[in-house]
Amino acid sequence: LDELKEKLLKWVNDRAFHFRRRADNFTGATKVRLSGLGAELNKVTGYEEIDALKRQVVEQEARIETTRQAARTAKVNHDEAVVRRSKSQREVNDLLQRKSSWTDEDVIRFTSLVREDHLLEQEEARAKLAVEEAENAVENEFTELMRSILARYHEEQVWSDKIRSASTYGQLAVLGLNMFVFILAIILVEPWKRKRLAQTFEKKVEELNEEYKEMLGDNMQIIQKQLEDQAVIIAALTAAVA
């Protein structure tokens with residue numbers, strides 16, 4: 001009887017293990033389906049456009065950082081050009097202050113400084129123009145960044161309005177579907193599961209009962225044989241005593 005109970009308990013545990021495993025598999029498959037459903041929902045509701053705008057904002061932030069770096073470099077170049085021209089002009093002024101005592105070398109140096117100052121003036125003008133262009137580029141990129149942010153905000157608001165407008169019908173549909181599934185489970189699935197479980201349980205009990213009967217029959221035969229052997233021995237002993 002203890003062996004029968006042990007086999008019955010083992011069968012029940014096995015059935016519970018298989019049920020839990022099927023439940024875990026169902027849960028995993030459901031998560032995958034819901035993930036795919038979420039992607040399709042984003043596509044239908046237009047959330048993909050919001051993702052594209054998010055990427056555009058990130059790219060625009062990178063571009064404006066690059067433009068700012070270029071503007072800083074242009075400002076440094078302009079400052080260096082101003083310093084070089086100022087140094088050249090100071091040297092020219094020093095020469096002019098002692099013009100009456102110029103030597104041949106001073107004349108040559110003055111002529112060289114005038115040409116150099118002309119070149120430095122052009123270089124300074126180009127550097128100043130580069131600074132202005134870089135600053136304008138930064139301003140344009142910043143304006144584009146603001147436009148991208150506003151476009152993203154607008155699309156997010158539109159998407160939120162769509163979701164809110166559809167949420168009421170969606171909640172009602174989900175509620176109705178849940179009720180339908182619940183009623184269907186009560187009417188069809190649960191009775192079928194109970195019936196199948198009962199049939200399986202009865203079949204298992206019958207199999208265990210047959211095994212127990214066979215085991216009991218074998219044991220009874222062994223006991224019967226032992227009793228017969230003991231009867232033979234007792235009869236032999238009785239005959240020997242008599």
Side-chain angles (χ1 to χ4, degrees), residues 1-65 142-216:
L1 184 59
D2 292 336
E3 185 178 357
L4 177 63
K5 289 182 179 179
E6 183 179 354
K7 290 184 178 181
L8 183 60
L9 180 61
K10 181 180 179 182
W11 176 82
V12 173
N13 291 332
D14 291 339
R15 297 296 298 177
F17 172 76
H18 290 304
F19 177 77
R20 286 194 299 269
R21 187 171 63 180
R22 284 198 296 268
D24 293 338
N25 293 336
F26 176 77
T27 303
T30 302
K31 289 181 180 179
V32 173
R33 292 191 183 97
L34 289 177
S35 177
L37 181 62
E40 291 297 329
L41 181 62
N42 290 339
K43 184 177 181 180
V44 171
T45 57
Y47 198 81
E48 286 185 345
E49 297 179 1
I50 297 177
D51 287 335
L53 289 174
K54 288 181 179 180
R55 292 191 296 271
Q56 182 178 348
V57 169
V58 173
E59 293 172 357
Q60 187 62 32
E61 289 175 348
R63 283 196 295 270
I64 195 173
E65 181 60 29
F142 183 77
T143 301
E144 185 66 21
L145 177 62
M146 291 298 99
R147 189 193 66 79
S148 299
I149 293 175
L150 291 176
R152 171 188 169 183
Y153 176 76
H154 174 72
E155 291 298 329
E156 287 179 345
Q157 289 297 319
V158 172
W159 184 82
S160 298
D161 293 340
K162 288 181 181 179
I163 297 300
R164 282 195 295 268
S165 62
S167 61
T168 302
Y169 298 102
Q171 291 176 358
L172 292 175
V174 170
L175 179 61
L177 179 61
N178 289 336
M179 292 181 62
F180 174 76
V181 172
F182 178 73
I183 294 174
L184 183 65
I186 293 176
I187 296 175
L188 299 178
V189 178
E190 288 299 329
W192 176 78
K193 287 173 62 178
R194 286 195 297 269
K195 182 178 179 181
R196 183 177 178 183
L197 182 61
Q199 291 176 351
T200 306
F201 182 76
E202 291 176 358
K203 183 179 179 181
K204 189 65 178 179
V205 170
E206 291 177 357
E207 292 177 355
L208 293 175
N209 190 26
E210 291 294 331
E211 292 179 1
Y212 178 73
K213 287 181 179 180
E214 292 178 359
M215 182 179 64
L216 184 61

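Bear in mind that the values here come from a model prediction, so they are computed numbers and not experimental data.
The salt bridge (Lys or Arg N to Asp or Glu O under 4.0 Å) check on Glu144 picks up Arg147, with sequence neighbours excluded. Under the salt bridge (Lys or Arg N to Asp or Glu O under 4.0 Å) criterion, Glu65 pairs with Arg72, not counting sequence neighbours. Not counting sequence neighbours, the partners of Phe142 by the side chain to side chain contact (heavy atoms under 4.5 Å, CB included) test are Ile64, Arg68, Met146.
The distance from the CD atom of Glu59 to the CG atom of Leu145 is 12.0 Å, given to the nearest 0.5 Å. Rounded to the nearest 0.5 angstrom, Ser148 OG and Arg63 CZ are separated by 7.5 Å.
Leu53 has its side chain within reach of Gln56: a pair of non-hydrogen atoms, C-beta onward, lies under 4.5 Å apart.
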*Mind running salt bridge (Lys or Arg N to Asp or Glu O under 4.0 Å) on Arg152 and Glu156 for me, showing each step along the way?*
CA-CA 6 Å; Arg152 171 188 169 183; Glu156 287 179 345; 3.1 Å; yes
